[in-house]
Amino acid sequence: MEIDLGKVPFTMDFHPSDNLVTAGLITGDLHLYRFNADSSPQRLLEIHAHSESCRAARFINDGHAIITGSSDRSILATDLETGSPIARLENAHEDAIFSLINLTESTVATGDDQGCVKVWDTRQHSCCNSFNVHDDYVSDMTFASDSMKLLSTSGDGTLSVCNLRTNKIQSQSEFSEEELLSVVIMKNGRKVICGSQNGTLLLYSWGFFKDCSDRFTALSPNSIDTLLKLDEDRVITGSENGLISLLGILPNRVIQPLAEHSEYPIECLAFSHDRKYLGSISHDQVLKMWDLDDLLQNSGNAQNDQAPVSDSDSDAMDMDTKPPKSRKGAKRKNEHANDATSSFFADL
């Protein structure tokens, strides 16, 4: 199933409980579509959400609204049914917003081109945490809800861990030679996997974030722009050559190529609410939805294309007991974050 978006998309997200998908475009527009297996996708909304590119979009409030972040530094909340703006915050960051994720039912996090991460509390109607954690753009984030730790990767080549209970930066890795572009938590919280600009996967053991414990180079030299966790042992990668692949983690192996979106970089991967479809977007201006069962039906019998690459690391590491080349590029030096945040979620 394919949706011609008409312009280059930078972000997409599926509704948490319905057959709806949204996409944010380079023009600042936000699209919303309804899809099903028996008919062509139907566009429900087309909104000019931002004056510059819409870089991040997520459904919030149980799918009743969509929140977007833009390179124009603004954040917008849009009502799903009417398409009307609920609230807009201009100058939410000092620099262009690059990434956005959901944390809890009442919080989201945004990262900008300067390396600043902010956490927004939708009930208190304010920014409750701000971390000047990186020296370059915040490429991706993920959240460990049990420990309330927010992990982020950056173009400065580091992985950082922010503790939302103590409001402190708990740990930061040593600088990698390449930009870190994507991050997921796997192995029941024991491993953090980062995709890099040179196509290497860096594996960090939880609680030991200073240096990676393992490197997996099978996809090199194509950058790994996005990661999507399939289960605790397998991850789906999207690379700059347009290839979508299924990888096993510990033992590290390429299980199989899943699909080729186009010859352009994969900007984003996501699952539909029922995990029937895998969605992908790229610079060909098309949102594609792949039948996940069809993609995976032969994965159990696929031959390993890459022998395991490992150092002395083990799958059973101790837990922490102590406290692109697509649209990636050089960003301005980190500055003091803007605190004008009190009114953004006032009407949510």
Side-chain angles (χ1 to χ4, degrees), residues 56 58 69 73 75 89 91-95 97-176 179-194 202-213 317-323 331-342 344-345:
R58 292 292 183 271
R73 301 182 295 162
I75 297 174
L89 177 62
N91 302 318
H93 281 254
E94 282 290 330
D95 211 327
I97 296 169
F98 196 93
S99 51
L100 184 157
I101 62 167
N102 295 322
L103 301 180
T104 68
E105 292 182 356
S106 60
T107 55
V108 298
T110 52
D112 68 22
D113 281 357
Q114 289 181 339
C116 178
V117 172
K118 290 189 176 186
V119 178
W120 305 87
D121 189 321
T122 62
R123 293 176 180 171
Q124 297 297 322
H125 310 153
S126 64
C127 177
C128 56
N129 304 89
S130 184
F131 305 95
N132 290 316
V133 65
H134 292 290
D135 294 328
D136 208 330
Y137 68 99
V138 181
S139 57
D140 197 14
M141 295 180 285
T142 191
F143 183 57
S145 58
D146 55 345
S147 59
M148 293 296 290
K149 291 175 182 176
L150 176 61
L151 284 67
S152 59
T153 52
S154 172
D156 66 11
T158 65
L159 166 71
S160 295
V161 182
C162 297
N163 191 322
L164 301 191
R165 289 196 177 112
T166 63
N167 297 337
K168 294 181 179 179
I169 301 170
Q170 179 170 312
S171 184
Q172 189 168 28
S173 72
E174 296 178 355
F175 288 92
S176 170
E179 299 178 12
L180 298 186
L181 307 180
S182 47
V183 59
V184 292
I185 301 172
M186 297 182 64
K187 293 292 183 178
N188 298 303
R190 297 194 301 273
K191 294 292 177 181
V192 177
I193 318 300
C194 298
L202 280 64
L203 282 66
Y204 293 85
S205 296
W206 190 267
F208 302 89
F209 297 112
K210 287 299 180 181
D211 195 9
C212 66
S213 58
M317 294 300 296
D318 293 334
M319 298 296 288
D320 186 14
T321 57
K322 297 180 181 180
K331 310 299 177 186
R332 295 194 301 272
K333 186 178 178 180
N334 207 350
E335 298 175 1
H336 181 67
N338 192 329
D339 293 325
T341 60
S342 60
F344 174 50
F345 286 106

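All values reported here derive from a predicted model rather than from experimental measurement.
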- Note on the structure: dist Arg73:CZ -> His93:NE2 (nearest 0.5 Å) comes out at 11.0 Å
- Please check if the side chain of Gln172 supplies one atom and the backbone of Val133 the other of a donor-acceptor pair under 3.5 Å. yes
- Closest approach of Val138 and Phe98, non-hydrogen atoms and distance? O-CD2, 3.3 Å
- Query: Is Ser213 close to Phe208 at the side-chain level, that is, under 4.5 Å between some pair of heavy atoms?
  - Reply: no
- Message: Testing the basics here: between Trp206 and Ala144, what is the closest heavy-atom pair and its distance to 0.1 Å?
- Response: CH2-CB, 3.8 Å
- Task: Could you please spell out the steps behind the side-chain contact (heavy atoms from CB on, under 4.5 Å) verdict for Lys168 and Cys162?
- Result: CA-CA 6 Å; Lys168 294 181 179 179; Cys162 297; over 6 Å; no
- Would you give the length of the straight line joining atom CG of Asp112 to atom CG of Leu100, rounded to the nearest 0.5 angstrom? 12.0 Å
- Query: Counting distance only, does the side-chain N/O of Lys118 pair as donor-acceptor with the main-chain N or O of Ala92 below 3.5 Å?
  - Reply: yes
- Heavy-atom pair with the smallest gap, counting every atom of Ala109 and Leu150: CB-CD2, 3.9 Å
- Message: I want to check something: taking the side chain as every heavy atom from C-beta on, are Ser99 and Asp140 in contact at a cut-off of under 4.5 Å?
- Response: no
- Task: Might you point out which heavy atoms bring Arg165 and Asn163 nearest each other, and give the distance in Å?
- Result: N-OD1, 2.8 Å
- Does any non-hydrogen side-chain atom of Trp120 lie less than 4.5 Å from one of Val108? yes
- Message: If you compare all heavy atoms of Asp135 against all heavy atoms of Asp156, which two are closest, and at what distance to 0.1 Å?
- Response: N-OD2, 2.8 Å
- Side chain to side chain, Leu103 and Leu164, heavy atoms closer than 4.5 Å: yes
- Task: Find the distance between CG (Asp113) and CD (Glu94) and round it off to the nearest 0.5 Å.
- Result: 12.5 Å
- Rounding to 0.5 Å, atoms CZ (Arg190) and CG (Leu203) come to a distance of 12.0 Å
- Query: Can you tell if the side chain of Tyr137 reaches within under 4.5 Å of the side chain of Asp95, non-hydrogen atoms only?
  - Reply: no
- Drop me the distance from Gln114's CD to Ile97's CD1, to the nearest 0.5 angstrom. 11.5 Å
- Query: Which value, rounded to the nearest 0.5 Å, describes the distance between Ser176 atom OG and Leu159 atom CG?
  - Reply: 10.5 Å
- Message: Please give me the minimum heavy-atom distance between Val117 and Met141, naming the atom from each residue.
- Response: CG1-SD, 4.0 Å
- Any side-chain heavy-atom pair of Ser152 and His134 under 4.5 Å: yes
- Could you tell me whether the side chain of Ser139 and the main chain of Leu180 form a donor-acceptor pair under 3.5 Å? yes
- Query: Picking from Val183, Val192, Leu202, what satisfies side chain to side chain contact (heavy atoms under 4.5 Å, CB included) with Thr153?
  - Reply: Val183
- Out of Val161, Ile185, Thr142, which one pairs with Lys149 under the side chain to side chain contact (heavy atoms under 4.5 Å, CB included) rule? Val161
- State, yes or no, whether a side-chain contact exists between Tyr204 and Ser171 at a heavy-atom distance under 4.5 Å. no
